[in-house]
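Note that the coordinates shown come from a computational prediction; the quantities given were computed from them, not determined experimentally.
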Amino acid sequence: MHSAQTIAATKAAPAARVDLARAGKDALFTALLGLGLFLPLIGFKTVTNIRNELILETRFGLLAIFVALMTAASLVNSFVVAPWRARRAVRERAPAKQATGAFAKYFAPFALGFVLIYPALVLGLAGSTGATKWIDNFGIQILIYVMLGFGLNIVVGLAGLLAACWGVMLGFPVLRLRGDYLAIVTLAFGEIIRLVLINWVPVTNGYAGISGVPRPSFFGIPFNASDEGFAATFGLPFSPIYRTIFLYYLILALVLLTAFVVLRLRRLPIGRAWEALREDEIACRSLGINTTTTKLTAFATGALFGGFAGSFFATRQGFISPESFTFMESATVLAIVVLGGMGSQIGVAIAAVIMIGGTEILRDLDFLKDIFGPDFDPTQYRMLLFGLAMVLIMVWKPRGLVATREPSAFLRERKAIGRDLVKEGRG
């Protein structure tokens, strides 16, 4: 065994050396690519002067910084990342699998405990005034996208009934599509529905949307400043933080319920049929699995949980509009599933924290204005960062952040197979 590892390491040694000429060419190509990509996006900017005229300004200094960062990243990849990946390729896979198993074993309880005490932790650190932002914009917003990711993960990763019916209606015409074509059609269907709702003014009120959606209450007790409100009923001083904390734990309960149901479904025959359909549809048909019904159940179940999240979103805002569900929202949820690891519940949750929480953090990075200039707005480069993250994931971890997980169903002990079931005798 040791000699085999030595031979493998010897063969991989030349690959670990850095080719200076190739590294220089890659850096030059990256610099030219960055210049061509960022020149129209960053190098030029249109502004309106005091005479209300549109003029073109240049930001070549900021452009040079971005190109230099890309060039530096290329050099780091050539001198550090590529040799490390070459050395990693000759290592044994067993320790990595054990580490992944330990991560999955201990991360879930830790994460559950953290989200349960998160409001109290934020209240202690930021106070009642500052906690509203962190609980609402971070906690509630992230959990909404986690729930949306769990629903989409059924359709992409594993294979109110109004939402389930829409999932079935979409599923019928696209049953023969798979992979990228299925994603394109579903995203297009969502955009068509959005445009229909915008123009169906008598029902949806068009762009104005539907206002006055009843807000959640605590068993009929509203969160307002009246004598019948939550604060007055329990003898507390009125504060909007009570409603925010209630909404946080409400969406957390919905997320945990969704995760529990999905995990149980994956252990049922329908869940195993979803996973088998993902691996090989022809083999599923040969085993007698009705692939049409299996696909429709995946569409309906995924849309069902998406409908739950949408209902909570409407009650949280007190307002709903077709403009709240643009193509970018669909792409964001899909990116969460892909980045997290298709089929992985933990991966989807981690990706939602990174993408949605990262967007909110960008709003507070005011110190970047001291580096890139006073007009620099980090949130304008959100999609650029998402695109970079997608590229890095596809290069380093093509199956997502959490690429491995335990099988949904497995034998607890080794069992012998009768000779009548195998061609070679006993198995």
Side-chain angles (χ1 to χ4, degrees), residues 111-151 209-219 221-226 229-234 236-259 305-321 323-326 328-329 332-333 335-336 348-366 377-379 382 385-386:
L112 179 59
F114 177 79
V115 296
L116 287 175
I117 67 171
Y118 176 75
L121 185 64
V122 172
L123 280 171
L125 295 176
S128 59
T129 304
T132 303
K133 168 190 172 182
W134 288 95
I135 297 176
D136 194 5
N137 293 356
F138 281 82
I140 296 177
Q141 191 77 359
I142 289 174
L143 289 174
I144 289 176
Y145 278 89
V146 169
M147 191 170 179
L148 289 171
F150 284 169
I210 301 174
S211 59
V213 178
R215 295 181 178 272
S217 61
F218 184 75
F219 297 100
I221 303 176
F223 290 90
N224 54 31
S226 65
F230 178 85
T233 301
F234 292 94
L236 301 172
F238 175 76
S239 174
I241 192 66
Y242 301 134
R243 175 181 175 272
T244 304
I245 294 177
F246 173 73
L247 289 177
Y248 174 84
Y249 281 110
L250 179 60
I251 186 60
L252 177 60
L254 291 175
V255 169
L256 294 178
L257 176 63
T258 302
F305 292 122
F308 286 157
S311 300
F312 175 85
F313 176 81
T315 57
R316 172 205 175 196
Q317 301 292 114
F319 168 80
I320 196 71
S321 169
E323 288 302 294
S324 301
F325 308 98
T326 60
M328 194 54 62
E329 296 298 323
T332 300
V333 179
I336 288 174
V348 168
I350 294 175
V353 171
I354 294 174
M355 292 191 65
I356 307 305
T359 301
E360 297 299 326
I361 291 176
L362 285 176
R363 305 182 193 276
D364 298 328
L365 300 181
D366 293 334
D377 184 6
T379 58
R382 177 173 63 102
L385 294 176
F386 285 171

* To do: Please confirm whether Phe218 and Phe230 have ring centers closer than 6.0 angstrom.
  => yes

* Considering all heavy atoms of both residues, which atom of Val348 and which atom of Ile336 are nearest to each other, and what is their separation? -> O-CG2, 3.5 Å

* Provide the closest heavy-atom pair for Pro216 versus Leu247 in the form atom of the first, atom of the second, distance. => CG-CD2, 3.6 Å

* Asked: Taking all atoms of both residues into account, what is the closest heavy-atom pair of Ala352 and Val146, and its distance?
  -> CB-CG2, 3.5 Å

* Without swapping roles, check the side chain of Tyr248 against the backbone of Val115 for a donor-acceptor pair under 3.5 Å. => yes

* Minimum-distance pair of heavy atoms, taken over all atoms of Leu116 and Tyr249 -> O-OH, 2.5 Å

* Determine whether Thr258 and Val255 make a side-chain contact, defined as any pair of heavy atoms from C-beta on separated by less than 4.5 Å. => no

* **Reported OG1-to-CD1 distance for the pair Thr315 and Ile320, which is rounded to 0.5 angstrom** => 9.0 Å

* Parallel, tilted or perpendicular for Phe114 and Tyr118, by the 30°/60° rule? -> tilted

* At their closest point, which heavy atom of Arg316 faces which heavy atom of Arg215, and how far apart are they? -> O-NH1, 3.0 Å

* Asked: Out of Val122, Ile356, Ile361, Leu143, which residue meets the side-chain contact (heavy atoms from CB on, under 4.5 Å) rule with Phe138?
  -> Ile361

* Under the side chain to side chain contact (heavy atoms under 4.5 Å, CB included) criterion, do Gln317 and Val213 qualify, and how do the steps go? -> CA-CA 8 Å; Gln317 301 292 114; Val213 178; over 6 Å; no

* Just jot down the side-chain contact (heavy atoms from CB on, under 4.5 Å) partners of Ser226, sequence neighbours excluded, or say none. => Asn224, Glu228

* Check whether any side-chain heavy atom of Ile241 sits under 4.5 Å from a side-chain heavy atom of Ile135, and report yes or no. => yes

* **Heavy-atom pair with the smallest gap, counting every atom of Phe150 and Ala259** => CE1-CB, 3.7 Å

* Separation between CD1 of Ile245 and CG of Leu250, rounded to the nearest 0.5 Å -> 13.5 Å

* What distance do Ile251 atom CD1 and Gln141 atom CD have between them, rounded to the nearest 0.5 Å? -> 10.0 Å

* Asked: Given Thr332 and Tyr145, is the side chain to side chain contact (heavy atoms under 4.5 Å, CB included) satisfied, shown in steps?
  -> CA-CA 9 Å; Thr332 300; Tyr145 278 89; 4.1 Å; yes

* **For Arg243, all residues meeting side-chain hydrogen bond (donor to acceptor under 3.5 Å, both in side chains), sequence neighbours excluded** => none

* To do: Measure the spacing between CG of Leu257 and CG of Leu252 and express it to the nearest 0.5 Å.
  => 11.0 Å

* Decide if the gap between the ring center of Tyr242 and the ring center of Phe234 is smaller than 6.0 angstrom. => no

